[in-house]
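Following: one structure in structure tokens, then a few remarks.
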Number of protein chains: 2
Amino acid sequence: MPKAKSIHIENVVASVTLNQRLDLNLIAERLPNTEFDPDQFPGLVLRLEQPKTATLIFNSGKMVCTGSKSEKDAVKAVKKIVESLREVGIDIKNEPIIQVQNIVASANLGIEINLEEAAFLLENTMYEPEQFPGLIYRMRDPKVVILLFGSGKLVCTGAKREEDVYTAVDKVMEILMEKGIIRE
Amino acid sequence: MPKAKSIHIENVVASVTLNQRLDLNLIAERLPNTEFDPDQFPGLVLRLEQPKTATLIFNSGKMVCTGSKSEKDAVKAVKKIVESLREVGIDIKNEPIIQVQNIVASANLGIEINLEEAAFLLENTMYEPEQFPGLIYRMRDPKVVILLFGSGKLVCTGAKREEDVYTAVDKVMEILMEKGIIRE
DNA sequence: AAGGTTTAAATGATATATAAATATTTAGTT
DNA sequence: AACTAAATATTTATATATCATTTAAACCTT
């Protein structure tokens, strides 16, 4: 059975519900590292250095945390933000409900791929090199999108669980071998 | 005969004639829940909570009642407004003449529709998905406009009577089946 | 060496389009 | 100058895109 040489979680996006409305102007005033321009976008942007993330905060009390390298770090970032808000006197009444919405990962199959051939032999594929150098492969189970590159490197996005990333990468590698697109 | 799964009247617009001129500044002073900014728009806006409506009142004594969920509620709203005006000392001499001008309804056909195909097979149709996701179908009898969506949901607007909504929805469903765009 | 190309996902406001009455101003056309 | 047409505002369902955020891959153009 083929084994991908390396898989890295590159980005985790999580949605958060606080179940209470927030005064974004107040938050912008009291917390540094925030950007808030409601004419441009309704969410306030809060950047953390550790874990390195950018979180969008909405007046509905919902948030979107992006940029963390693991589900754990996303949770850590959200807890840190809630703590910061409480420290500056913004009363957060409930514990945040956190849901991972998307995981982006990169992997290296360790073998070059003929994308022209792959596009011809695989289903659910899009490959337009003058538009984008990667082949876009939509996997139904797990439901993810894989960007395959000629170098043998790939990007997997759309996963809801870290486990799905590993399953998807194993699966795409098996399919590529079955179809004879790569052999090892 | 096909039956639409659900039809809801979403909005009724009615015009009203009182046959006497009105002092909108006086009304704005004496009634709460009113907005009046003649530089912006010549009509005064009066919002009712029950039935939930927004009514435009003009100095000509004409009004436009919007937002009610039935013809009956539109009449109820107008009567309530006339009563309110009389209560604050504004003498309304005649009974209001009320005419339903537009009824907006939504329905769910319960089956997905290929709009590309529908646009090709139907007449009096406009479909430009990058401008608007719905297909616009102009029915001559009853004279209504139907916005058809890929989900099988639709919006019917332009009807003058509630009955016309039901007729129009039945008719569009029959036409879609006749042309083989949907089958059930 | 930057920045643009593509993919996924959530957030919420606004825009797109439909019909209808009402009245006022402004813009554009004869 | 007289005329028409559109924008101003109200409501409502429907469903898309946009705005901004993050991240990797590799290829293109500045």
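Within every chain, numbering begins at 1; the chains are lettered A, B, ... in the order of the sequence lines, protein sequences first and strands thereafter. The structure displayed is predicted, hence computed values, not measured ones.
The side-chain ring of A:Phe149 is not stacked on the base of D:dA25, judged by centre separation under 5.5 angstrom and plane angle under 30 degrees.
Note on A:Gln40: every side-chain N or O is 4.0 Å or more away from OP1 and OP2 of D:dC19. Side-chain N/O atoms of A:Lys143 include one lying less than 4.0 angstrom from OP1 or OP2 on C:dA9. Here A:Lys52 does not reach the OP1 or OP2 of D:dT21: none of its side-chain N or O atoms lies under 4.0 Å away. Within the 4.0 Å cut-off from OP1 or OP2 of D:dT11, not a single side-chain nitrogen or oxygen of B:Lys69 is found. B:Asn59 has a side-chain polar atom (N or O) that falls below the 4.0 Å cut-off from OP1 or OP2 of C:dT24. OP1 or OP2 of C:dT16 has not a single side-chain nitrogen or oxygen of B:Gln131 nearer than 4.0 Å.
When all heavy atoms of A:Ala74 and A:Val12 are compared, the pair lying nearest together is CB-CG1, 4.2 Å.
Backbone-only engagement by A:Ile136 is indicated by non-hydrogen atom pairs under 4.0 Å involving sugar-phosphate atoms exclusively. Residue-level contact check: B:Val104 touches the bases, meaning some heavy atom is under 4.0 Å from a base atom. Looking at heavy-atom distances under 4.0 Å, A:Asp37 makes no contact with the nucleic acid at all. As judged by a 4.0 angstrom heavy-atom cut-off over every strand, A:Ser60 is placed among residues touching the sugar-phosphate backbone only. Counting any heavy atom pair closer than 4.0 Å across all strands shown, A:Ser151 reaches sugar-phosphate atoms only and no base atom. Residue contacts for A:Val64: at a heavy-atom cut-off of 4.0 Å it reaches a base atom on one of the strands shown.
Proximity of a side-chain donor or acceptor of A:Asn59 to a complementary backbone N or O of A:Leu22 within less than 3.5 Å is not detected.
For A:Lys76 and A:Glu83, the salt-bridge test fails: no basic side-chain N is under 4.0 Å from an acidic carboxylate O. A salt bridge links B:Arg47 with B:Glu35: at least one charged nitrogen is closer than 4.0 Å to a carboxylate oxygen.
Under the side-chain hydrogen bond (donor to acceptor under 3.5 Å, both in side chains) criterion, B:Arg30 pairs with no residue at all, not counting sequence neighbours.
If you measure from atom CD of B:Glu130 to atom P of C:dA17, you get 13 Å, rounded to the nearest angstrom.
No hydrogens or angles were tested; on distance alone, a donor-acceptor pair under 3.5 Å links the side chain of B:Thr157 to the base of C:dA19.
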